[in-house]
Amino acid sequence: MMTLGSLFDGAGGFPLAGTMAGITPLWASEIEPFPIRVTTRRFPDMKHLGSITAINGGEIEPVDIVTFGSPCQDLSVAGRRQGLSGERSGLFLEAIRIIKEMRCATNGQYPRWVCWENVVGAFSSNQGFDFKAVLDAVIGIAEPGASVPMPEKNRWPYADIYMGDRWSVAYRVFDAQFWGVPQRRRRCYLVGDLTGRCAGRVLFESEGLSGYSAASFRAWQRAARYPSAGAGAAGRICLNDQGGSRMDVSKEVASTL
C-alpha cells in the first residue's frame, strides 16, 4: 500500500485522487479553516499538521508520495508576477525543504515520489527563470547541484522529461475541459521519481506502472466520460468552492470552477 502526504492541501484534491487510485493519505498541511473542515469530514483518519513553515520533514510520518500545489498568485498572469520571490509562491521552497528533511531522516527511502501542480504562468514568470528554479530544486533533491539549461528564447515546452542515473522528472500541461469540466483550465503537473526512471511512465502512459489496476483505471474513466467532447458527466463527487465562505458538494455532475 502506498501512502501520501499533501502540502498546501486545500480541500483535499490530491488525497481524493490518491484514494481513488488505492493510495492512503496519511497527513496534510493547510491553514485555511474551511478546507480543513471539508477534509476532516472526507478523510477522518488523515492527520492535519498545520502551517508548512512549522513542519520538520524529519519528524513527521514518512510517506511514499509528497504532493504540493504551492500558492500560485505570484506566478499567475493575473497577478503581479512577483514569481518565486513573492511571499506566497515562494512557499514552494518550504515544500522542497520538508522533502529533503524526510529523505535525510530515512536515508533517502522516503518519499520516492513528488508531485507539484501549478498554473501555466509558471513557464513565463520571471522570463522563464522561475520554472528553471522549480526544475533545479526538484531535481536537486536527488542530484544536488543540478542545473537545467534554459530553453531556446526562454520558452518552455508544455511537456518534457529529464533523466538521471537513479532519478527522473517529467512535467505536462493538462486542461480541465478534457476531464469532465466545462471550462478551459490549464495546469502544469510535475512528477519526480527520486529513486528511479518512471516519472515519464506516470505522466505519459496511463497504464505504465506496476501499481495500475483495472478498478482504479475505471474510477479514473468515470471522472471524464467524454474527454473528446470537452465536457462530460463527472463521476463521484465535486467540491465547489463558493467564494471561500462555504463548499458545496455535488454528485454525478460537472460544475464550472
Side-chain angles (χ1 to χ4, degrees), residues 1-73 87-99 101-102 105-106 110-119 176 179-181 185 187 189 191 211 215-216 219-220 222-224 234-257:
M1 178 187 69
M2 297 186 71
T3 56
L4 179 147
S6 175
L7 302 173
F8 311 106
D9 185 56
F14 275 120
L16 176 60
T19 301
M20 292 173 66
I23 300 169
T24 301
L26 296 184
W27 49 257
S29 170
E30 176 58 52
I31 61 173
E32 294 297 329
F34 185 74
I36 292 174
R37 292 203 301 271
V38 171
T39 52
T40 298
R41 178 180 178 184
R42 297 296 174 185
F43 309 104
D45 296 327
M46 186 173 70
K47 299 177 183 177
H48 289 270
L49 305 182
S51 172
I52 190 172
T53 60
I55 296 173
N56 184 323
E59 297 177 353
I60 59 178
E61 188 171 4
V63 290
D64 297 295
I65 308 167
V66 172
T67 61
F68 54 115
S70 50
C72 63
Q73 292 94 332
E87 179 180 356
R88 292 164 295 188
S89 295
L91 290 170
F92 163 83
L93 298 176
E94 292 287 339
I96 297 297
R97 171 188 60 79
I98 290 171
I99 293 167
E101 290 170 346
M102 182 178 294
T106 61
Y110 296 102
R112 174 179 175 178
W113 300 94
V114 298
C115 182
W116 176 75
E117 174 271 336
N118 222 283
V119 295
W179 297 83
V181 178
R185 191 177 182 87
R187 291 294 183 269
Y189 284 84
V191 170
S216 65
W220 170 79
R222 284 198 300 273
R236 303 242 170 163
I237 63 172
C238 181
L239 300 177
N240 310 306
D241 186 355
Q242 304 297 322
S245 59
R246 72 179 195 279
M247 188 78 72
D248 289 345
V249 179
S250 304
K251 295 183 179 180
E252 299 300 331
V253 297
S255 300
T256 55
L257 299 175

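Residue numbers run from 1 in the order of the sequence given.
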Shortest non-hydrogen contact between Ala95 and Ile52, atoms and distance: N-CD1, 3.8 Å

Donor-acceptor pairs under 3.5 angstrom involving side-chain atoms of residues 4-12: please list them, not counting sequence neighbours.
residue : atom : partner : partner atom : Å
Ser6    : OG   : Asp9    : OD1          : 2.6

Approximate separation, where rounding is to 0.5 Å, of Thr3 OG1 and Ile65 CD1: 7.5 Å

Residues in salt bridge (charged side-chain N to carboxylate O under 4.0 Å, His left out) contact with Glu101, at least two apart in sequence or another chain: Arg97

Contacts of type ring-ring contact (aromatic ring centres under 6.0 Å, His included), residue Tyr189, not counting sequence neighbours: Phe174

Smallest separation among heavy atoms of Met1 and Gly22, with atom names: CG-O, 4.5 Å

Validation row: Val114, Ile99 side chains within 4.5 angstrom (heavy atoms): yes

Pairwise side-chain contact, Tyr110 with Asp64, heavy-atom cut-off 4.5 Å (strictly under): yes

Side chain to side chain contact (heavy atoms under 4.5 Å, CB included) assessment of Glu94 paired with Ile55: CA-CA 9 Å; Glu94 292 287 339; Ile55 296 173; over 6 Å; no

Side chain to side chain contact (heavy atoms under 4.5 Å, CB included) partner of Met2, the single match among Val63, Ile23, Thr24: Ile23

Positive for side chain to side chain contact (heavy atoms under 4.5 Å, CB included) with Pro25, one of Thr19, Thr39, Thr67: Thr19

Nearest-0.5 Å distance, CZ of residue Phe14 to CZ of residue Phe68: 9.0 Å

Side-chain (Glu30) to main-chain (Glu32) donor-acceptor, under 3.5 angstrom: yes

Approximate separation, where rounding is to 0.5 Å, of Trp116 CH2 and Ile96 CD1: 9.5 Å

Selection residues 54-63 - residue pairs positive for side-chain hydrogen bond (donor to acceptor under 3.5 Å, both in side chains), sequence neighbours left out: none

For residues 43-51, tabulate all N or O donor-acceptor pairs below 3.5 Å that involve a side-chain atom, not counting sequence neighbours.
residue : atom : partner : partner atom : Å
His48   : NE2  : Thr40   : OG1          : 3.4
Ser51   : OG   : Thr53   : N            : 3.3
Ser51   : OG   : Thr53   : OG1          : 2.8

